Amino acid sequence: MPSRNKKFEVCVNLDNIERFMHFLFFYKANITSIITAGLELTDLKSPSNINVLVNNFNGYVGSLAAQSAKSGSRSSTRRQAPVYLTVQDFTSCEIQLSSSELIEMKEYLKSSIHPHEFKTSETYKTIKAFAELSKAADRYFKVKIGGDSVLVFVEAGREIIGRRDLGEINKDFQRLAWARASKSSKGGLSFSEAFVLAVALLVTRLENCRYASARLLVIKDNYYTSSQLPVTALCDKSPYAWFYVNLYRKAPSSELIEPTSAALLTYMQTRSPTLLYQILRNATQARRLTPPEMEEVVNLARHIAK
């Protein structure tokens, strides 16, 4: 008679990853794959795509390590020796997964309405590549929002935007958020600033944003918040979006960013640009703008005057 205590081992690998994408551990690995290579984990059944991911991931990690060494970064994560991938990391299941790693994505402070129940007779392992990609998400892609260091991801379906372009949007988001955090006295973005930045980046990149559906995920520990992004509400006013994005790019310490985010949130809810117009008028009257700020204010004012 077979033992009742016999355990069955399940390997999460390239053959069955689509069944486990709703677990936070693998969702994070997918984020890293999209950002560094423009590929989802489900795209990696092709050997050529594995090579693309390995080369792109290693190049990305190497460039960050070089930047950290050059700038003398004090970040504990950036000081750690970089971990690189090899093609062999996608072959054998050698990483044992603990129950704390196999957690379904669930709304912050709420239990999932569809909890996944693991059979006590099963143990789970995965390939080294998935484990390294998952760890890399927390190590390289966190930003400061509301005083917390969190993993942020702008998510949209393939029918809205290709994976490579989605990866570029998230790279832009991180670069602009890091620049803002390093220049701002608050040390990071407010949630409203991050929310509007995500919308603005989508509007400026999508060829057709009129029916676009997207969301902003903010992940901390084993929880996340998912906020629908009202891309269509700003789609017909792309100059507003460009104004906001360019403030981050050219003047990340600008005092215009915070009130502009509030004004654009109001516009997306009411379609009234009054607050934005007030910001432009007050900014030009105060005559305290830096040259990059003045350039963007003038460009937007010219659009409005048409």
Side-chain angles (χ1 to χ4, degrees), residues 24-25 27-28 30-32 34-35 64 73-78 103-112 134-156 166 169-204 214-231 233-234 240-241 243-270 275-276 279 293:
L24 201 55
F25 183 88
Y27 190 86
K28 289 180 179 180
N30 198 49
I31 287 175
T32 302
I34 290 174
I35 292 176
L64 287 180
S73 171
R74 296 183 180 181
S75 169
S76 59
T77 57
R78 298 297 176 86
I103 296 176
E104 280 191 302
M105 295 183 70
K106 50 191 175 183
E107 287 287 350
Y108 187 66
L109 296 181
K110 296 179 182 178
S111 296
S112 171
S134 186
K135 287 188 291 185
D138 283 323
R139 183 175 180 182
Y140 297 119
F141 304 133
K142 284 187 173 181
V143 298
K144 281 288 186 70
I145 294 182
D148 290 325
S149 182
V150 293
L151 178 60
V152 178
F153 186 64
V154 180
E155 181 184 274
L166 182 63
I169 283 177
N170 279 280
K171 284 181 186 177
D172 280 348
F173 183 95
Q174 289 152 12
R175 281 192 292 261
L176 298 177
W178 291 336
R180 173 72 171 161
S182 67
K183 300 291 185 180
S184 171
S185 60
K186 297 181 180 180
L189 281 65
S190 66
F191 180 78
S192 62
E193 289 173 349
F195 184 87
V196 174
L197 180 58
V199 174
L201 285 170
L202 284 163
V203 169
T204 58
R215 60 180 183 154
L216 182 70
L217 276 81
V218 179
I219 302 170
K220 184 178 181 183
D221 300 325
N222 294 326
Y223 299 93
Y224 80 102
T225 58
S226 173
S227 303
Q228 196 71 24
L229 295 171
V231 181
L234 198 60
Y240 295 177
F243 173 70
Y244 191 69
V245 170
N246 285 337
L247 284 178
Y248 277 86
R249 288 178 175 158
K250 300 178 182 180
S253 62
S254 175
E255 294 181 359
L256 292 176
I257 289 177
E258 184 175 357
T260 299
S261 67
L264 291 180
L265 277 175
T266 299
Y267 175 80
M268 287 186 278
Q269 294 169 350
T270 67
L275 283 179
L276 185 60
I279 291 170
E293 289 173 325

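This is a predicted model, so every value here is computed, not measured.
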field: With Glu258 via salt bridge (Lys or Arg N to Asp or Glu O under 4.0 Å) - residues at least two apart
entry: Lys186
query: Sub-3.5 Å donor-acceptor pair from the side chain of Glu155 to the main-chain atoms of Leu216, do we have one?
result: no
- line: CG of Leu247 to CG of Leu256, rounded to nearest 0.5 Å, is 6.0 Å
- prompt: Rounded to the nearest 0.5 Å, what separation is found between the CD1 atom of Ile34 and the CG atom of Asn170?
  reply: 8.0 Å
field: For the student: nearest non-hydrogen atoms of Ala194 and Phe173, plus distance
entry: O-CE1, 3.4 Å
query: Relative to the ring of Tyr244, is the ring of Tyr248 parallel (under 30°), tilted (30 to 60°) or perpendicular (over 60°)?
result: perpendicular
query: Which residues satisfy the salt bridge (Lys or Arg N to Asp or Glu O under 4.0 Å) test with Lys28, sequence neighbours excluded?
result: Asp138
Salt bridge (Lys or Arg N to Asp or Glu O under 4.0 Å) partners for Asp221, two or more places apart: none
query: Is any side-chain heavy atom of Leu189 closer than 4.5 Å to a side-chain heavy atom of Val143?
result: no
message: Quick check: do Tyr27 and Phe153 have side-chain heavy atoms less than 4.5 Å from each other?
response: yes
message: Distance check, rounded to the nearest 0.5 Å: Leu264 atom CG versus Ile257 atom CD1?
response: 11.5 Å
message: Checking Ser254 now: which residues fulfil side chain to side chain donor-acceptor pair (under 3.5 Å) with it, not counting sequence neighbours?
response: Glu293
task: Would you confirm whether Ser149, through its side chain, and Lys142, through its main-chain N or O, come within 3.5 Å as a donor-acceptor pair?
output: no
task: Please report the closest heavy-atom contact between Ala156 and Ala214, naming both atoms and the distance.
output: CB-CB, 4.0 Å
- prompt: So, for Glu193 and Gly188, which heavy atoms are closest and what is the spacing to 0.1 Å?
  reply: OE1-O, 4.3 Å
field: Stepwise side-chain contact (heavy atoms from CB on, under 4.5 Å) test for Leu229 and Val154
entry: CA-CA 9 Å; Leu229 295 171; Val154 180; 4.1 Å; yes
message: Measuring from atom CG of Leu151 to atom CZ of Arg139, what distance do you get when rounded to the nearest 0.5 angstrom?
response: 14.5 Å
- prompt: Is atom CD of Gln174 surrounded by more than 12 heavy atoms (other residues, nucleotides or ligands) closer than 6.0 Å?
  reply: yes
field: Beyond-backbone contact of Pro230 with Phe195, side-chain heavy atoms, under 4.5 angstrom
entry: yes
- prompt: Could you give the distance from CZ (Arg249) to CZ (Arg175), rounded to the nearest 0.5 Å?
  reply: 8.5 Å
message: Among residues at least two apart in sequence or on other chains, which ones pass side chain to side chain donor-acceptor pair (under 3.5 Å) with Ser182?
response: none
statement: Nearest heavy-atom approach of Ser226 to Arg215 is OG-NH1, 2.9 Å
From CA spacing to verdict: side-chain contact (heavy atoms from CB on, under 4.5 Å), Ile219, Leu24: CA-CA 9 Å; Ile219 302 170; Leu24 201 55; 4.0 Å; yes
- line: In short, Leu234 meets Ala200 closest at the heavy-atom pair CD2-CA, 4.5 Å
Leu176 and Leu197: CA distance, side-chain angles, deciding distance, side-chain contact (heavy atoms from CB on, under 4.5 Å) verdict: CA-CA 9 Å; Leu176 298 177; Leu197 180 58; 4.0 Å; yes
task: Please identify each residue that fulfils ring-ring contact (aromatic ring centres under 6.0 Å, His included) with Tyr240, with sequence neighbours left out.
output: Tyr267
- prompt: More than 12 heavy atoms of other residues, nucleotides or ligands under 6.0 Å from NZ of Lys183: is that the case?
  reply: no
